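First the structure, in the form of structure tokens, and then the observations on it.
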Amino acid sequence: MADTIAQFEKVIALCRDLFQKKLVDYGPSWRIMRPQSITDQIFIKANRIRSLELKGVSMVDEGIKPEFIGIVNYGVIGLIQLAKGFADTTDMTSEEAMGLYDKYITETKELMYAKNHDYDEAWRSMRISSYTDLILMKIYRTKQIESHNGKTIVSEGIDANYMDMINYAIFGLIKLEFGEE
């Protein structure tokens with residue numbers, strides 16, 4: 001588990017660094033996005049990963065890794081938007097956005113540590129393509145929950161699905177960064 005924690009922290013740092021740099025470029029312009037739009041943005045990224053996995057070649061000079069990073073960062077944005085609601089303007093500073101990023105990535109990381117303990121790191125035996133499929137499944141679940149105005153009868157909510165998408169993307173990043181184990 002110590003290796004997993006170190007690897008998790010390293011890939012989170014990669015994602016956080018890009019998020020922070022994009023805040024310098026664009027500010028928190030994503031504040032205007034409704035959660036459904038964020039779900040669709042994650043879908044685009046996961047679908048591109050699957051397309052690249054199936055085709056084995058990219059026509060655009062970006063691979064799978066940037067898309068997994070995008071899923072992590074849009075997942076955190078989704079958690080922020082669920083908690084704060086969307087806005088008509090960029091109504092927070094970049095510093096506030098980074099504070100919220102850290103809050104929600106920490107909550108997600110703690111969930112991963114608990115599940116990792118219970119599942120005994122079973123994700124390490126999975127294929128990266130399975131993470132892609134699981135993320136896509138979580139997206140379709142999230143879209144279904146969104147069509148029910150966020151209400152579920154027995155299932156986890158949108159926030160739990162975003163956290164799972166983030167964690168599956170981080171598992172993919174760990175395998176891409178450190179190799180298959």
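This structure is a prediction, so every number in the text was calculated from the model and none was measured.
The main-chain N or O of Ala6 is never found under 3.5 Å from a side-chain atom of Glu9 such that the two would form a donor-acceptor pair. Remark: side-chain polar atoms of Thr108 are paired, donor with acceptor, to backbone N or O of Tyr104 under 3.5 angstrom. Judged by distance alone, the side chain of Ser130 and the main-chain N or O of Met126 form no donor-acceptor pair under 3.5 Å. A donor-acceptor pair under 3.5 Å links the side-chain atoms of Asn161 to the main chain of Gly157, judged by distance alone.
In terms of heavy-atom proximity, Tyr131 sits nearest to Arg124 at OH-N, 4.3 Å. Scanning both residues, Gly150 and Ile158, for their nearest heavy atoms gives CA-CD1, 4.2 Å. Of all heavy-atom pairs spanning Ile166 and Ile71, the tightest one is CG1-O, 4.4 Å. Minimum heavy-atom separation, Thr39 to Tyr162: OG1-OH, 2.8 Å. Of all the heavy atoms in Ile5 and Tyr113, the pair that sits closest is CG2-OH, 3.5 Å. In plain terms, the two heavy atoms of Met92 and Pro28 that are nearest each other are O-CG, 3.1 Å.
Criterion: ILVMFWY side-chain heavy atoms under 4.5 Å apart, direct or through other members. Under it, Leu134 and Tyr140 are part of a common hydrophobic cluster. In the hydrophobic cluster analysis, where Ile, Leu, Val, Met, Phe, Trp and Tyr join through side-chain heavy atoms closer than 4.5 angstrom, Leu100 is grouped apart from Tyr26.
Take Thr106 and apply the side-chain contact (heavy atoms from CB on, under 4.5 Å) test, not counting sequence neighbours, and it matches Glu110. Listed by chain and number, the residues in a ring-ring contact (aromatic ring centres under 6.0 Å, His included) with Phe86 amount to none (sequence neighbours excluded).
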Requested in this report: Take Trp123 and Asn167 through the side chain to side chain donor-acceptor pair (under 3.5 Å) test and state the conclusion after the steps.
Outcome: CA-CA 10 Å; Trp123 64 271; Asn167 282 325; over 6 Å; no
Table please: side-chain donor-acceptor pairs of residues 72-82 below 3.5 Å, with sequence neighbours left out.
residue : atom : partner : partner atom : Å
Asn73   : OD1  : Tyr101  : OH           : 2.7
Asn73   : ND2  : Cys15   : O            : 3.1
Gln81   : OE1  : Arg31   : NH1          : 2.4
Gln81   : NE2  : Trp30   : O            : 3.3
Gln81   : NE2  : Arg31   : O            : 3.0
Gln81   : NE2  : Met33   : O            : 2.8

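For Lys143, the NZ atom is densely surrounded, since the number of other residues' heavy atoms within 6.0 Å is greater than 12. For Asp88, the CG atom sits in a loose shell: 12 or fewer heavy atoms of surrounding residues, nucleotides or ligands are nearer than 6.0 Å. More than 12 heavy atoms of other shown residues, nucleotides or ligands fall within 6.0 angstrom of atom CD1 in Ile44. More than 12 heavy atoms of other residues, nucleotides or ligands shown are found within 6.0 angstrom of CZ on Arg16.
Salt-bridge formation is detected for the pair Lys21/Asp17: a Lys NZ or Arg NE/NH1/NH2 atom is positioned less than 4.0 Å from an Asp or Glu carboxylate oxygen. Ionic pairing of Asp164 and Lys115 is present here: one or more N-O contacts between side-chain nitrogen and carboxylate oxygen are shorter than 4.0 angstrom.
Residue Thr132 forms a side chain to side chain donor-acceptor pair (under 3.5 Å) with just one option from Arg48, Arg127, Glu53, and that option is Glu53.
A cation-pi arrangement is absent between Lys45 and Phe68 under the rule of less than 6.0 angstrom and at most 45 degrees off the ring axis.
Separating the OG atom in Ser129 from the CG atom in Leu54 is a distance of 8.5 Å, to the nearest 0.5 Å. For the atom pair CD (Gln20) and CG (Asp102), the distance works out to 8.5 Å, reported to the nearest 0.5 Å. With rounding to the nearest 0.5 angstrom, the CE atom of Met165 is 8.0 Å from the NZ atom of Lys138. Here the CD-CD1 distance, from Glu156 to Ile145, works out to 8.5 Å after rounding to the nearest 0.5 Å.
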